[in-house]
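First the structure, in the form of structure tokens, and then the observations on it.
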Amino acid sequence: ATKATAPKAIAPKATAKAKPATSAVRLGLDEVMGILEKAGSEQARKTYARHGAKGLMFGVRFGDLFTLMKRIGVDHELARALWATGNVDARNLAMKIADPQLMTPDELDRWTIENEMGICGLYVASLAAEGPHGRSKVRAWTDSKDVRLRAMGWTLVSRLSDLDESYSEEELSRAVSRIETSIHAAPNAERAEMNRALISIGGRNPALRKTVTAAAKRIGPVKVDHGDTACATPDAVASIDKAWERSGKKFPSPAAAERSRESMRRRC
């Protein structure tokens with residue numbers, strides 16, 4: 001099915017009072033679902049299905065989600081209600097308008113496991129990194145028996161490396177060593193996120209760039225099956241070099257450049 005009806009279920013209670021929407025006129029769940037349904041397309045549904053999306057979806061392009069996100073602002077109550085619909089597009093929007101400070105540990109686990117679209121994994125990891133539970137989740141997820149949580153743990157390592165200046169070089173170096181010894185034997189999804197983490201850590205500072213570059217050369221090519229998509233596995237060394245070139249003289253590192261920008265889950 002490609003259409004969904006917004007449920008009447010009450011959203012889960014937050015551990016803190018949610019901030020009001022930043023839009024001039026707050027949008028309700030039914031209204032937002034109607035907007036999403038009208039914006040859907042068959043081509044986008046096919047694309048999202050190739051990236052793992054299953055079940056209810058309208059097929060809303062990310063440009064249209066961005067426009068709607070700007071209209072809504074931050075509305076955590078609405079984000080929870082959107083997630084509860086089970087609709088892929090509603091959940092993609094939820095990750096954009098959620099307040100990371102109000103995400104609970106259980107909610108982060110559940111959104112990770114329930115998110116079917118691999119290309120949106122960065123959104124959940126960013127919510128964790130921008131909130132109070134990033135450090136506890138990175139340890140729990142990378143040690144989890146659940147492959148989805150482990151993969152998200154490495155995505156979170158990537159986001160913490162970029163965003164959290166207090167995330168120590170020692171911790172990141174240990175992550176590099178762990179990746180080097182296990183990446184080729186890791187499951188496909190986890191292997192892809194380990195490679196992403198290497199690239200981000202290599203953009204943290206010059207010393208870690210040197211550490212990661214040496215490790216990446218020892219690791220060699222990383223093979224990831226991306227299914228029926230146009231995605232390709234980036235070469236870690238080349239990607240790190242390009243990131244440093246792009247940061248240029250304006251920023252001391254690619255990580256510093258990333259910290260200067262709006263959250264990636266809200267800009268793309």
Side-chain angles (χ1 to χ4, degrees), residues 1-49 51-53 55-104 107-108 110-112 114-132 159 162-163 258-268:
T2 58
K3 295 184 179 181
T5 301
K8 301 297 183 181
I10 299 174
K13 292 182 180 180
T15 55
K17 186 176 180 181
K19 296 178 182 179
T22 56
S23 54
V25 179
R26 187 177 184 189
L27 300 180
L29 175 61
D30 290 338
E31 184 176 4
V32 172
M33 293 300 290
I35 294 170
L36 291 173
E37 183 173 3
K38 289 179 181 178
S41 73
E42 179 63 26
Q43 183 57 51
R45 287 194 290 273
K46 290 179 180 178
T47 299
Y48 295 164
H51 284 277
L56 302 174
M57 66 177 126
F58 301 128
V60 183
R61 295 174 300 180
F62 278 81
D64 293 326
L65 285 179
F66 178 81
T67 299
L68 185 53
M69 176 205 75
K70 297 297 284 186
R71 182 178 173 189
I72 295 170
V74 176
D75 189 334
H76 201 68
E77 181 181 349
L78 177 58
R80 283 178 165 149
L82 286 167
W83 192 271
T85 68
N87 181 283
V88 170
D89 306 289
R91 287 180 166 182
N92 288 342
L93 179 61
M95 290 183 281
K96 288 178 171 292
I97 66 171
D99 185 340
Q101 298 302 317
L102 297 181
M103 293 291 294
T104 68
E107 206 164 32
L108 288 167
R110 183 163 52 82
W111 285 27
T112 293
E114 293 176 352
N115 174 38
E116 297 286 356
M117 283 181 63
I119 58 175
C120 293
L122 274 168
Y123 288 179
V124 180
S126 293
L127 280 169
E130 294 164 19
R159 301 310 294 148
D162 280 341
L163 302 177
E258 179 65 18
R259 290 193 297 273
S260 74
R261 307 179 70 187
E262 185 178 22
S263 170
M264 62 75 52
R265 65 188 171 84
R266 291 182 59 82
R267 71 175 188 256
C268 58

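As the structure is a prediction and not an experimental result, all values here were calculated from the model. Values reported hereafter were calculated over all heavy atoms of this structure, with side chains retained and with hydrogens, waters and symmetry mates removed.
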| said: Checking the side chain of Arg265 only, and the main-chain atoms of Met95 only, is there a donor and an acceptor separated by less than 3.5 Å? | reply: yes
| Step by step, would you call Arg80 with Glu107 a salt bridge (Lys or Arg N to Asp or Glu O under 4.0 Å)? | CA-CA 9 Å; Arg80 283 178 165 149; Glu107 206 164 32; 2.6 Å; yes
| field | Under 3.5 Å donor-acceptor, Arg259 side chain and Asp162 backbone | value | yes
| said: Please report whether the ring centroid of Phe58 lies less than 6.0 Å from that of Tyr48. | reply: no
| note | Output for pair (Met264 CE, Leu163 CG), nearest 0.5 Å, gives 10.0 Å
| Gap separating the CG atom of Asn87 from the CG atom of Leu82, nearest 0.5 angstrom | 8.5 Å
| task | Compare every heavy atom of Pro100 with every heavy atom of Pro132, then report the nearest pair and how far apart it is. | result | CD-O, 3.7 Å
| message | Using only atom types and a distance under 3.5 Å, with no angle test, would you say the side chain of Asp89 pairs donor to acceptor with the backbone of Gly59? | response | yes
| query | Can you name the closest pair of heavy atoms from Ala94 and Ala79 and give their distance? | reply | CB-O, 3.3 Å
| said: Rounded at 0.5 Å granularity, tell me how far CD1 in Ile97 sits from CG in Leu27. | reply: 9.0 Å
| query | Roughly how far apart are Leu68 CG and Leu36 CG, rounded to 0.5 Å? | reply | 6.0 Å
| message | I'd like to know if Arg266 and Glu130 make a salt bridge, using a cut-off of under 4.0 Å between side-chain N and carboxylate O. | response | no
| message | Return the CG to CG distance between Asp64 and Leu93, rounded to the nearest 0.5 Å. | response | 11.5 Å
| task | Grab the two heavy atoms, one from Val60 and one from Ala44, that are nearest each other, plus how far apart they are. | result | N-CB, 4.4 Å
| Any Lys/Arg nitrogen of Arg159 or Glu258 sitting under 4.0 Å from an Asp/Glu carboxylate oxygen of the other? | yes
| request: Identify the two heavy atoms, one from Met117 and one from Ala53, that lie closest to each other, and give their separation to 0.1 Å. | output: CG-CB, 3.5 Å
| task | Just say parallel, tilted or perpendicular for the rings of Phe62 and Tyr123, cut-offs at 30° and 60°. | result | perpendicular
| request: Look up atom CD1 in Ile35 and atom CG in Leu65, then write down how far apart they are to the nearest 0.5 Å. | output: 11.5 Å
| said: Can you give me the closest heavy-atom contact between Arg26 and Asp75, atom names plus distance? | reply: NE-OD2, 2.8 Å
| query | Side-chain contact, heavy-atom cut-off 4.5 Å: His76 with Met103? | reply | yes
| said: To check you understand the geometry: which heavy-atom pair defines the closest contact between Ala90 and Thr85, and what is its length? | reply: CB-OG1, 3.4 Å
| Side chain of Thr67, backbone of Gly63: donor and acceptor closer than 3.5 Å? | yes
| request: For Arg267, look at atom CZ and say whether over 12 heavy atoms of other residues, nucleotides or ligands are found less than 6.0 Å away. | output: yes
